[in-house]
2 protein chains.
Amino acid sequence: MPKRVDHGQRRAHIIEALVRVAAAEGLHAVTMRAVAAEAGMSLNLVQYYFDTKAQLMHAALERLEQQSHARWSARLARLPQPVTPQVFVETFLAEALPTDEESRAFHLVWTSYAVLAMTDPELAAQPFVEGPNRLERQLTAVLQQARDESAADRSWDAATEAAHLLTLAHGLGTSVLVGQRGAEAATRILHAHLDRLFDPGE
Amino acid sequence: MPKRVDHGQRRAHIIEALVRVAAAEGLHAVTMRAVAAEAGMSLNLVQYYFDTKAQLMHAALERLEQQSHARWSARLARLPQPVTPQVFVETFLAEALPTDEESRAFHLVWTSYAVLAMTDPELAAQPFVEGPNRLERQLTAVLQQARDESAADRSWDAATEAAHLLTLAHGLGTSVLVGQRGAEAATRILHAHLDRLFDPGE
DNA sequence: ATTTTCATGGTACCGCTGTACGATGAAAAA
DNA sequence: TTTTTCATCGTACAGCGGTACCATGAAAAT
């Protein structure tokens, strides 16, 4: 056969190899040859499916974004219905912390890309602005809903609080990745704040 | 003259060049030659003052840490005395945000190093654990003091809150570096939370 | 039965990067 | 005055990384 192969699948395979390499040795260790070796194929094939390294890097970034959406959707679907705003927010933020190994790899590589994007305008700053902004809007909506549904007097602003929570989660995630604290400690800090938000009067 | 030159000064000059390069083009663009060019000297001299690139990188990291301490000390000294805990905390965290250009450069390079340290055990994870931990202890102490001094009933835990504030500041800093929001927006979010901490009953 | 297409393999080239080696002038030490 | 030390220079070498080029078998298409 000219082995009419599924290109999408091949590309996915390669990108997964890239992520493994990046998660284990850092994004700087991502070389065409290293990815090829990790993917168990020849250097040529990587070139064949992604003409240039820049294309590979971009494709990997896009795929990471899609995957994070997929992860979140799946997790949301697994929640017992109906989903209260509080549970929604807690799940939302739990997903933003590197708890299991897969999540750790994702966040590490994502953060590496983010740092790259800080100086490389070529590497679309788009995912790192548009993406978080979308998340922030989603979270704002749910927080607003939680506020309205509750009789309790909540003195916070939904938009400000959404930004606060997301950046807090990201900061905590970084501290976990860098080994400053465990995922459990990060979760505790996050929940201490969430409890304060949702149960104001103690 | 064998121009008995001040080695410390030369090394500082080189490291400053490194930071400029890293801040402008990313840490991956930091090459011996690039640093030499930025420092206005020959490749040989960089090698002369730092035998190996690894040594240069380590030295730069150490210097960044010292500089951040120095910046903080200077800023603290400029504050009108006596310094109330609230002002102390606000200043502390303001310093943790990339407001001016110099601060932006510092935080960008520091974050780049942090990402490196996530996978490179050789690059002491020490500064990224020990350093933040020390800051956390300092902040905890001041928060505790603020709690004790105030008659108001504050329902938060000083240690948890210190970790929360520092990671929040770091997360906000990253969002600024990546262009998601301006330094002013980050400051607003931070202060919204600080006000809530220090003026509980609205 | 040819000819073309497709997936794959091997290898070569060029540029960049870290590092090493030797040279040189000038001043301090002898 | 001779010798050694010090800062500085230029250059070279080996390795690696991205990219390009060519080959090949096997199956479609003609």
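Numbered from 1 within each chain, the chains take letters A, B, ... in sequence-line order.
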In this structure, how many angstroms lie between the C1' atom of D/dG17 and the NE2 atom of A/His28, rounded? 14 Å

Minimum-distance nucleotide (side-chain atoms of A/Val5 versus C/dT8, D/dC6, D/dC9): C/dT8

Taking the side chain of B/Arg10 as its heavy atoms from C-beta onward, which of D/dT19, D/dT11, D/dA7 lies nearest to it? D/dA7

Please check if the side chain of A/Ser150 supplies one atom and the backbone of A/Ala146 the other of a donor-acceptor pair under 3.5 Å. no

The test is salt bridge (charged side-chain N to carboxylate O under 4.0 Å, His left out); show your working for A/Asp100 and A/Arg71 and say whether it passes. CA-CA 13 Å; A/Asp100 53 296; A/Arg71 271 176 70 98; 3.6 Å; yes

Among C/dT19, C/dT8, D/dT19, which is the nearest nucleotide to the side chain of A/Leu45? C/dT8

Hey, does the side chain of B/Thr99 reach the backbone of B/Glu95 with a donor-acceptor pair shorter than 3.5 angstrom? no

Please determine if a side-chain N or O atom of B/Ser42 lies less than 4.0 Å away from the OP1 or OP2 oxygen of D/dG10. no

Any base atoms under 4.0 Å from B/Tyr49, or only sugar-phosphate, or nothing? Heavy atoms, all strands. sugar-phosphate

By nearest-heavy-atom nucleotide on DNA chain D, the more 5' of A/Asn44 and A/Thr31 is A/Thr31

Starting from the 5' end of DNA chain C, give me the residue, A/Met41 or A/Arg33, whose nearest nucleotide shows up first. A/Met41

A/Gln47 CD - C/dA12 P separation (whole Å): 15 Å

Rounded to whole Å, CG of A/Asp6 lies from P of C/dC6 at a distance of 15 Å

In whole Å, I'd like the distance from the CZ atom of B/Phe50 to the C1' atom of D/dT8. 16 Å

Rounded interatomic separation in angstrom, taking CG from A/Leu43 and C1' from D/dC21: 13 Å

Please determine whether a side-chain nitrogen or oxygen atom of A/Tyr48 lies at a distance below 4.0 Å from atom OP1 or OP2 of C/dT8. no

Has the side chain of A/Thr52 got a donor or acceptor atom that lies under 3.5 Å from a matching backbone atom of A/Gln55? no

A/Arg4 CZ - C/dT5 P separation (whole Å): 11 Å

Please state how far atom CE in A/Met32 lies from atom P in C/dC14, giving the value in whole angstrom units. 20 Å

Short side-chain to backbone donor-acceptor contact, B/Tyr49 and B/Leu56, under 3.5 Å: no

A/Leu56 CG to D/dG17 P: how many Å, rounded? 14 Å

Using a heavy-atom cut-off of under 4.0 Å over every strand shown, decide if A/His7 touches base, sugar-phosphate, or nothing. sugar-phosphate

